[in-house]
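Have a look at the structure below before the remarks.
Lettering of chains follows the sequences in order, A, B, ..., and the numbering in each one begins at 1. Remember, predicted model here, so these are calculated numbers, not experimental data.
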Number of protein chains: 2
Amino acid sequence: MMMRRGMRQKKKSEFLTEVELEFMTELWALGEGSVRDVLAQLAPDRNLAYTSAATILRIMEQKNFVVSEKRGKVFVYRPLLAKDAYQSKTLRDLSDKLFDGTPASMVARLVDDQGMSEEALTEIRALLDRRLKDNDN
Amino acid sequence: MMMRRGMRQKKKSEFLTEVELEFMTELWALGEGSVRDVLAQLAPDRNLAYTSAATILRIMEQKNFVVSEKRGKVFVYRPLLAKDAYQSKTLRDLSDKLFDGTPASMVARLVDDQGMSEEALTEIRALLDRRLKDNDN
DNA sequence: TTGGCGATACGAAAGTCTTAGTATCTACTT
DNA sequence: AAGTAGATACTAAGACTTTCGTATCGCCAA
């Protein structure tokens with residue numbers, strides 16, 4: 001990449017890669033799990049070697065996305081990154097990069113073509129009302 | 001990547017990379033533009049070589065994200081991918097991968113997230129109201 | 001006609017990601 | 001104590017991304 005001038009700092013990769021998100025999703029669902037636990041949770045046609053899964057989790061630990069703890073004879077991995085927090089971060093990023101930094105336009109696009117049920121829409125409006133009321137206090 | 005069994009098909013990369021999105025954003029804003037046009041549109045501290053920008057646009061054309069047309073002595077690039085469509089596609093993908101396929105939870109997270117202005121919230125509620133009214137008809 | 005300039009094409013270097021093979025380690029069984 | 005099975009560490013190959021340098025092409029002016 002050359003990086004001759006500027007020398008951007010270490011890139012602190014804040015976002016999960018494709019496979020990392022796949023694994024983290026299982027960990028979020030499980031709460032915690034060993035390599036085998038996570039592997040067993042993946043789609044049956046995923047066909048990923050055990051060593052590949054182990055490598056992925058090890059790398060995720062290096063990146064501080066998870067921690068491991070030796071329990072019995074295996075390592076058990078636990079998310080350090082909360083799903084809520086990651087969802088928020090991702091939405092903020094997407095809003096900035098693709099929706100001109102205005103989250104409202106994101107919601108507009110969502111409610112326009114995502115086929116949301118009337119119940120969902122109503123529920124969300126209730127959320128908004130509650131939120132707006134809180135802000136008044 | 002090895003790809004020994006299965007030989008997955010060509011991967012038809014449907015999503016823009018980081019830099020491609022950066023460029024596409026400028027093209028969406030401009031409507032169309034030459035390499036120099038796009039380059040001029042980038043942040044002043046971006047410091048990207050002209051040849052780099054040209055390469056990026058050429059690759060984007062290979063991927064069918066843009067088309068070029070020789071106008072005078074330069075190529076003018078035009079988006080093939082509409083911003084609206086890409087926004088929708090991206091939201092659908094994100095919903096599937098990080099929000100359990102329920103777009104409503106996405107909006108919920110957005111609304112819960114601190115740092116949304118009251119104006120934005122109000123605007124979103126207006127959007128929902130309009131949408132709910134339409135559904136009634 | 002030729003020199004030079006701007007534009008495009010090509011290719012390479014360095015980084016990251018995904019995947020898996022091989023080596024090592026540990027502990028239990030015999 | 002040695003062997004084996006399962007788990008983890010290490011290494012590497014191949015793809016893709018980002019960036020830029022060099023080569024080439026076309027054209028206009030001197």
Side-chain angles (χ1 to χ4, degrees), chain A residues 1-26 33-40 42-43 45-77 97, chain B residues 1-26 33-40 42-43 45-77 97:
Chain A
M1 211 229 296
M2 225 83 308
M3 189 135 305
R4 16 184 77 83
R5 60 178 129 275
M7 192 48 75
R8 214 175 323 300
Q9 75 173 100
K10 201 55 197 319
K11 189 55 196 324
K12 240 182 74 60
S13 65
E14 346 175 22
F15 289 96
L16 300 165
T17 67
E18 191 80 12
V19 175
E20 285 167 359
L21 175 56
E22 186 187 1
F23 272 52
M24 193 61 110
T25 296
E26 307 304 346
S34 65
V35 173
R36 262 190 209 293
D37 293 336
V38 174
L39 204 46
L42 300 178
D45 62 328
R46 183 62 167 81
N47 276 68
L48 190 64
Y50 177 91
T51 57
S52 304
T55 298
I56 290 161
L57 283 170
R58 189 159 35 80
I59 290 173
M60 288 175 76
E61 182 161 33
Q62 279 162 20
K63 294 185 181 176
N64 281 316
F65 290 134
V66 301
V67 264
S68 69
E69 176 198 348
K70 190 110 187 180
R71 194 169 313 163
K73 49 193 56 173
V74 304
F75 280 112
V76 172
Y77 292 87
K97 296 220 176 90
Chain B
M1 209 230 298
M2 224 78 313
M3 188 134 304
R4 23 179 74 83
R5 58 176 135 275
M7 193 47 75
R8 219 174 317 301
Q9 74 175 99
K10 202 56 193 320
K11 189 58 198 320
K12 243 181 71 61
S13 65
E14 341 174 25
F15 289 96
L16 300 165
T17 67
E18 192 79 11
V19 176
E20 284 166 0
L21 175 56
E22 186 188 1
F23 273 53
M24 194 60 109
T25 297
E26 306 305 346
S34 64
V35 173
R36 265 194 204 290
D37 293 335
V38 174
L39 204 46
L42 301 178
D45 61 328
R46 182 59 167 84
N47 277 69
L48 189 65
Y50 178 91
T51 56
S52 304
T55 298
I56 291 161
L57 284 170
R58 190 158 33 80
I59 290 174
M60 288 174 76
E61 181 160 32
Q62 279 162 19
K63 294 185 180 176
N64 281 317
F65 290 135
V66 301
V67 265
S68 68
E69 177 199 348
K70 190 111 188 180
R71 196 170 309 164
K73 49 192 54 175
V74 305
F75 280 112
V76 172
Y77 292 87
K97 296 219 176 91

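Each of D:dC20, C:dC10, D:dA9 was ranked by its minimum atom distance to the side chain of A:F75; first place goes to D:dA9. Out of C:dC17, D:dT18, C:dT19, the shortest distance to the side chain of A:L48 is found at C:dT19.
In this entry the distance linking CZ of A:F15 with P of D:dT17 reads 18 Å, nearest Å. Between the CZ atom of B:F23 and the P atom of D:dT18 there is a distance of 10 Å, rounded to whole Å. Taking atom CE of A:M60 as the reference point, atom P of D:dT8 lies 15 Å away to the nearest angstrom. Rounded to an integer number of Å, the gap from A:L57 CG to C:dT18 P is 13 Å. When the C1' atom of C:dC17 is taken as reference, atom CD of B:E18 falls 15 Å away, rounded to whole Å. In this structure, the CD atom of A:Q62 is 12 Å from the P atom of C:dT16, given to the nearest Å. Distance CD1 (A:I59) to P (C:dT19): 11 Å, rounded to an integer number of Å. Spacing between atom CZ of A:F65 and atom C1' of C:dC17 amounts to 13 Å, rounded to whole angstrom units.
Distances shorter than 4.0 Å separate some side-chain N or O of B:R58 from OP1 or OP2 on C:dA9. For the pair B:K63 and D:dT17, the criterion of a side-chain N or O lying under 4.0 Å from OP1 or OP2 is met. Within the 4.0 Å cut-off from OP1 or OP2 of C:dA20, at least one side-chain nitrogen or oxygen of A:S52 is found.
If you check every strand for non-hydrogen atoms under 4.0 Å, A:R36 touches sugar and phosphate atoms only. Residue contacts for B:T17: at a heavy-atom cut-off of 4.0 Å it reaches the sugar-phosphate backbone alone, with no base atom in range. Nucleic acid contact for A:T51: base, since at least one base atom lies under 4.0 Å from a heavy atom of the residue. At a threshold of 4.0 angstrom between heavy atoms, the contacts of A:Y50 include nucleobase atoms, whether or not backbone atoms are also involved. Across all strands, B:A54 comes closer than 4.0 Å to no nucleic acid atom at all (heavy-atom distances).
Shown here for A:L48 and A:L39, the closest heavy-atom pair between the two residues is O-CD1, 3.8 Å. Taking every heavy atom of both residues into account, A:S68 and A:F75 meet most closely at OG-CD2, 3.7 Å.
Residue whose closest nucleotide on DNA chain C sits further toward the 5' end, between B:Y77 and A:K70: B:Y77.
Interface remark: the B:T55 side chain does form a donor-acceptor pair with the D:dC20 base, using a distance-only criterion of under 3.5 Å.
Within 6.0 Å of the CD atom in A:E18, the count of heavy atoms belonging to other residues, nucleotides or ligands does not exceed 12.
Inter-residue side-chain proximity for B:L16 and B:F65 is flagged as met; some heavy-atom pair is nearer than 4.5 Å.
Taking CG from B:D37 and CG from B:L42, the interatomic distance works out to 11.0 Å, rounded to the nearest 0.5 Å.
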